[in-house]
Number of protein chains: 2
Amino acid sequence: MMEKAAPLRLNGRIWIELDSGRLLGPGRVELLERIKASGSIRQAALQMEMSYKQAWDLVNDMNDRFDTPVVISHRGGKGGGSAVVTEKGLKAIEQYHILDASFKRFLEENHKNIDL
Amino acid sequence: MMEKAAPLRLNGRIWIELDSGRLLGPGRVELLERIKASGSIRQAALQMEMSYKQAWDLVNDMNDRFDTPVVISHRGGKGGGSAVVTEKGLKAIEQYHILDASFKRFLEENHKNIDL
DNA sequence: TTTCGTTATATTTTTATTTATATAACGAAA
DNA sequence: TTTCGTTATATAAATAAAAATATAACGAAA
């Protein structure tokens with residue numbers, strides 16, 4: 001009798017890092033995209049169901065560690081404040097998606113090699 | 001003046017998973033290898049500076065969720081007890097290394113594409 | 001100058017995770 | 001049958017991470 005084949009999958013994650021640690025992974029990219037779309041750190045955080053503090057800390061960390069800020073924020077004024085993703089941030093998003101697409105192909109291609 | 005080039009690196013992790021979650025990644029593979037080499041869950045844990053409980057929990061989880069156990073352990077007797085990695089476990093180690101080697105090549109090849 | 005919703009920040013509270021501690025079960029060998 | 005070091009398990013203590021709460025700063029527009 002054939003042994004039941006368990007649905008084993010290959011999965012993984014990639015990120016861009018500095019010596020100081022991880023700088024850009026899927027979560028941060030999604031955050032940047034939602035900031036871009038909403039113009040607000042708070043709205044982006046709400047959409048991702050994370051606290052504003054968590055979102056702000058991530059943005060702040062990226063701004064500190066990229067050589068150029070990825071988000072510029074303003075407080076006060078119409079709407080209470082706003083945040084925009086910089087050219088640098090847009091490039092980072094784009095770069096990550098290109099790498100991630102390659103990685104997904106890698107996972108797909110190597111998935112068939114699993115034989116346990 | 002040229003902008004200082006920050007040493008951005010691409011990095012990542014892969015693992016084998018089931019619907020129920022991660023089953024085999026770099027940490028578990030190292031644990032299996034050290035159990036194989038030492039014949040002891042405790043010694044493997046000490047070498048990796050993790051608690052015995054943590055190591056035991058990992059082994060237990062793998063044995064539960066692989067269709068065949070990857071480690072067989074005995075208590076009592078000469079040396080107090082022992083643990084051996086099964087054929088299934090050995091295959092899992094081997095498979096993981098093959099996949100991880102491919103992944104390292106992937107990282108190397110795509111590293112040059114990072115331009116931020 | 002008052003209102004508004006957001007940014008920015010600190011502090012507290014809660015929850016989750018990890019580590020430490022203790023102890024029973026075990027069986028070969030002395 | 002006593003000793004030994006390990007497996008197996010439970011519980012408590014300590015740390016760390018996350019979430020909640022509070023509040024000041026801000027500036028355009030009403």
Side-chain angles (χ1 to χ4, degrees), chain A residues 13 15 17 20-28 30-66 68-86 88-89, chain B residues 13 15 17 20-23 25-28 30-66 68-86 88-90:
Chain A
R13 288 205 175 174
W15 60 84
E17 67 181 22
S20 49
R22 297 188 192 190
L23 183 58
L24 193 70
R28 290 176 185 219
E30 182 180 350
L31 182 61
L32 290 178
E33 289 174 328
R34 291 186 185 276
I35 290 171
K36 179 190 172 191
S38 67
S40 160
I41 295 171
R42 177 169 296 279
Q43 292 309 314
L46 285 174
Q47 289 169 18
M48 293 179 71
E49 291 181 57
M50 67 169 71
S51 69
Y52 171 79
K53 175 178 168 36
Q54 194 178 340
W56 187 87
D57 283 346
L58 289 171
V59 168
N60 187 246
D61 180 68
M62 286 188 278
N63 280 347
D64 278 352
R65 293 168 57 223
F66 269 98
T68 303
V70 292
V71 172
I72 300 293
S73 57
H74 304 278
R75 58 180 169 185
K78 179 182 156 190
S82 63
V84 296
V85 177
T86 65
K88 182 80 171 185
Chain B
R13 287 205 175 175
W15 59 84
E17 67 182 20
S20 50
R22 297 189 192 190
L23 184 59
R28 290 176 184 218
E30 182 180 349
L31 181 61
L32 290 178
E33 289 173 328
R34 290 185 186 276
I35 290 171
K36 179 190 172 190
S38 68
S40 160
I41 294 171
R42 177 169 295 279
Q43 292 309 313
L46 285 173
Q47 289 169 18
M48 292 178 71
E49 293 180 56
M50 67 169 70
S51 68
Y52 170 78
K53 174 177 169 39
Q54 195 177 341
W56 187 87
D57 284 346
L58 289 171
V59 168
N60 187 246
D61 181 67
M62 286 188 279
N63 280 348
D64 278 352
R65 292 168 58 223
F66 269 99
T68 304
V70 291
V71 172
I72 301 292
S73 56
H74 303 277
R75 58 181 171 185
K78 180 182 156 192
S82 64
V84 297
V85 177
T86 65
K88 181 81 171 186
L90 296 177

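Residue numbers begin at 1 in each chain, while the letters A, B, ... track the order of the sequences.
- Contact annotation: the side chain of B:Met48 approaches that of B:Leu31 to within less than 4.5 Å [non-hydrogen atoms, C-beta and beyond].
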Taking only nitrogen or oxygen atoms into account, show me every contact under 3.5 Å that the protein makes with nucleotides 12-19 of chain C, one pair per line with its distance.
unit_1 : atom_1 : unit_2  : atom_2 : d
C:dT19 : OP2    : B:Gln54 : OE1    : 3.2

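- A salt bridge (charged side-chain N to carboxylate O under 4.0 Å, His left out) check over residues 68-81 of chain A, counting only residues at least two apart or in different chains, returns nothing.
- Screening residues 42-55 of chain A for salt bridge (charged side-chain N to carboxylate O under 4.0 Å, His left out), with sequence neighbours left out, gives A:Lys53-A:Asp57.
- Considering only residues two or more places apart in sequence or on other chains, A:Trp56 meets the side-chain hydrogen bond (donor to acceptor under 3.5 Å, both in side chains) condition with none of them.
- A stem is defined here as three or more consecutive Watson-Crick or G-U pairs, each with both distances under 3.5 Å; for DNA chain C these stems are C:1-30 with D:1-30.
- A:Arg65 pairs by the salt bridge (charged side-chain N to carboxylate O under 4.0 Å, His left out) definition with A:Asp61, not counting sequence neighbours.
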Given protein heavy atoms under 4.0 Å, the one-letter contact record of nucleotides 25-30 of chain D, with B base, S sugar-phosphate only and - none, is simply BBBS--
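- The nearest whole Å value for the distance from the OH atom in B:Tyr52 to the C1' atom in D:dA10 is 13 Å.
- Nearest heavy-atom pair across B:Met62 and B:Arg28 is CG-NH1, 3.5 Å.
- Taking side-chain N and O atoms only, A:Trp56 has a distance below 4.0 Å to OP1 or OP2 of C:dA8.
- Side-chain contact between A:Leu32 and A:Leu24 is present, with heavy atoms from C-beta onward closer than 4.5 Å.
- The heavy-atom pair separating A:Trp15 from A:Gly25 by the smallest distance is CB-CA, 4.1 Å.
- Not counting sequence neighbours, B:Gln54 has no partner by the side-chain hydrogen bond (donor to acceptor under 3.5 Å, both in side chains) test.
- Residue B:Ile72 forms a side-chain contact (heavy atoms from CB on, under 4.5 Å) with just one option from B:Thr86, B:Val85, B:Asn63, and that option is B:Thr86.
- Every residue two or more places apart in sequence or in another chain was checked for a side-chain hydrogen bond (donor to acceptor under 3.5 Å, both in side chains) with B:Gln43, and none qualifies.
- The stretch residues 37-48 of chain B has no heavy atom under 4.0 Å from DNA chain C, so no residue of it qualifies as close.
- The nearest whole Å value for the distance from the CG atom in A:Leu58 to the C1' atom in C:dT7 is 16 Å.
- By the salt bridge (charged side-chain N to carboxylate O under 4.0 Å, His left out) test, A:Glu33 is found to be paired with no residue, residues two or more places apart in sequence or in another chain being considered.
- Here the side chains of A:Leu58 and A:Met50 are in contact, with some heavy-atom distance below 4.5 Å.
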